[in-house]
Amino acid sequence: MKKRNIAILGSTGSIGTSTLEVIKKKRSKFNIELLTANNNYKKLIEQAKIFKPNNVLINNKKHYKKVKKGLKNKKIKIYFGNVPLNNIISNKLDYTMSAIVGVAGLQPTIEAIKISKIVAIANKESIICGWEILSKFIKRYKTKVLPVDSEHFSIMELTKGISDSEIEEIIITASGGPFLNIPNKKLNRIKPNQAINHPNWKMGKKISVDSANLMNKVFEVIEASKIFKFNKKKYRIIIHPESYVHSIVRFKNGLIKMILYNTDMKIPISNTLYGKRNHILNIKKIDSKVLSKLSFQNVNSNQFPSIKLVNKCLNLGFLAPTIVNASNEVLVNLFLTKKIGFLDIVRTINKIFKDKDFNKYAKRKPDTIKDIQIADNWARLKTLTMCVR
Ligand code: NDP
């Protein structure tokens, strides 16, 4: 059988590494065209030696020579910076995993859509900020796009062939993160290593902080409202500390369906890769005793004030999600480098909404990447000036 041509954007990250682990089980079935990273040249070199891709790209130019040295005598082409993917890859790809973190993933995702039959999107920021633009390319290039985020992957599975009129409610679950039972007012002295220590998932630092204050759920509802054609008022978030149930759909005919699986991103990843013929091995089975201990609770907005941003973003639409995303990216970095406290993240995003220029930037239709960049740049600068005085 013909090998499948694939690319992994952000191969050195948590999702990228899991994707390679899934591929490793059936390595002979794949021809890896491209692996990419930003700074982690050591891991990129290590992955290239093991997986023998035809091309690697390191985004940060300062590491180019190190990658070149590390892979000398190997038949691998090495690129740096924002090289368009179609300059690197000439054959149509069968599958691309879009797993760069942040809005930096938007342009590469657009390029992947142009040259791939299937694009699995983990990079939620490109959906939140650029779905209107992605959709145009998805249509034009007839690309199949599959969400990787566990909640969206589950909603997709639960609603195949279902219309909006059949659905009462779509519930996205949240674990509540590491601070579920710590009163909100005690959280300002939280250290970055406490915030990234998620009880159930092992993820990149940015998404781990987003999970600790539930900003991740704000983004997930926006993400779902973009990907799926269902009424955006039907989404609800509930806390499910065990994280086995990823999404729940309540139908008007009285049925409730939910999808459960272990907290292992290799499960949605391998499903996007293999579809119905998915026979991934060695996935830990859910112990039946666990099923008697599943618990659910409403989200307390005093504990997680971020949750009020969901409606603000959905009601405003346009570039409001881009502004919140950009501001959040800056704030998470400031928090991780100990320049602001944990609670300052959501506090500052709320201040951005009240800024006199907010409406000017938020209430525009995002038609081009430039439109997104203008709102994104404004939000980043505004956030920095608010925090670093
Ligand atoms: P990581 O931080 O672990 O990895 C991010 C990847 O993107 C790395 O390969 C990194 O390279 C690369 N990267 C970072 N910045 C840039 C840039 N400016 N240009 C090019 N490449 C860049 O993130 P995750 O794997 O956790 O998350 C990836 C995406 O998937 C995010 O959007 C996240 O929200 C989403 N997601 C993640 C889940 C998870 O379980 N981890 C679950 C669901 C969604 P380098 O290593 O060199 O820095």
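Scope of the values below: all heavy atoms of this structure, side chains included, with no hydrogens, waters or symmetry mates. When a ligand or atom number is given, it counts from 1 through the structure's own listing order.
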Between [X] and ligand 1, which part of the residue brings a heavy atom under 4.0 Å of the ligand: side chain, backbone, both or neither?
X	result
Ile207	side chain
Ala122	both
Asn59	side chain

Is it the case that ligand 1 has an N or O less than 3.5 angstrom from some N or O of [X]?
X	value
Met203	no
Lys202	no
Ala37	no
Ser14	yes
Ser150	no
Asn40	yes
Gly204	yes

Trace of the ring-ring contact (aromatic ring centres under 6.0 Å, His included) decision for Phe153 with His246:
CA-CA 9 Å; Phe153 169 75; His246 300 278; 9.0 Å; no
Does Lys29 qualify as a cation-pi partner of Tyr274, given the criterion of NZ or CZ under 6.0 Å from the six-membered ring centre and within 45 degrees of its axis?
no
Show which atoms of ligand 1 fall inside a sub-4.0 Å distance from at least one heavy-atom site of Glu125.
31 (C), 32 (O), 34 (O)
Close-contact set for ligand 1 against Lys124 heavy atoms, below 4.0 Å:
32 (O), 34 (O), 44 (C)
Examine distances only and state if a side-chain atom of Ser247 and a backbone atom of Glu151 form a donor-acceptor pair shorter than 3.5 Å.
yes
Got a donor-acceptor contact below 3.5 angstrom from the His152 side chain to the Ser150 backbone?
no
Measure the spacing between CE of Met265 and CH2 of Trp201 and express it to the nearest 0.5 Å.
6.0 Å
Using 0.5 Å steps for rounding, measure from the CG atom of Asp355 to the OH atom of Tyr361.
9.5 Å
With a cutoff of 4.0 Å, is Met265 in contact with ligand 1, counting heavy atoms of the residue only?
yes
Is the closest heavy atom of Ala99 to ligand 1 under 4.0 Å?
yes
Can you pull the side chain to side chain donor-acceptor pair (under 3.5 Å) pairs that have at least one residue in residues 315-331, sequence neighbours excluded?
Asp210-Asn328, Asn325-Glu329, Ser327-Thr383, Glu329-Arg380
Side chain to side chain donor-acceptor pair (under 3.5 Å) contacts touching residues 118-140 (sequence neighbours left out):
Asn123-Glu125, Asn123-Ser126, Lys124-Asp149, Lys124-Asn216, Lys124-Glu220, Glu125-Lys206, Trp131-Ser135, Glu132-Lys226
Parallel, tilted or perpendicular: which describes the rings of Phe358 and Phe353, with under 30° parallel and over 60° perpendicular?
tilted
For atom 1 (P) of ligand 1, tell me which residue out of Gly105, Gly13, Ser18, Ser98 has the closest non-hydrogen atom.
Gly13
Quick test of your reading of the structure: of Ile58, Ile127, Ile121, Asn38, whose heavy atom lies closest to atom 15 (N) of ligand 1?
Asn38
Looking at atom 18 (N) of ligand 1, what's its closest protein heavy atom, distance included?
Ala104 CB, 3.4 Å
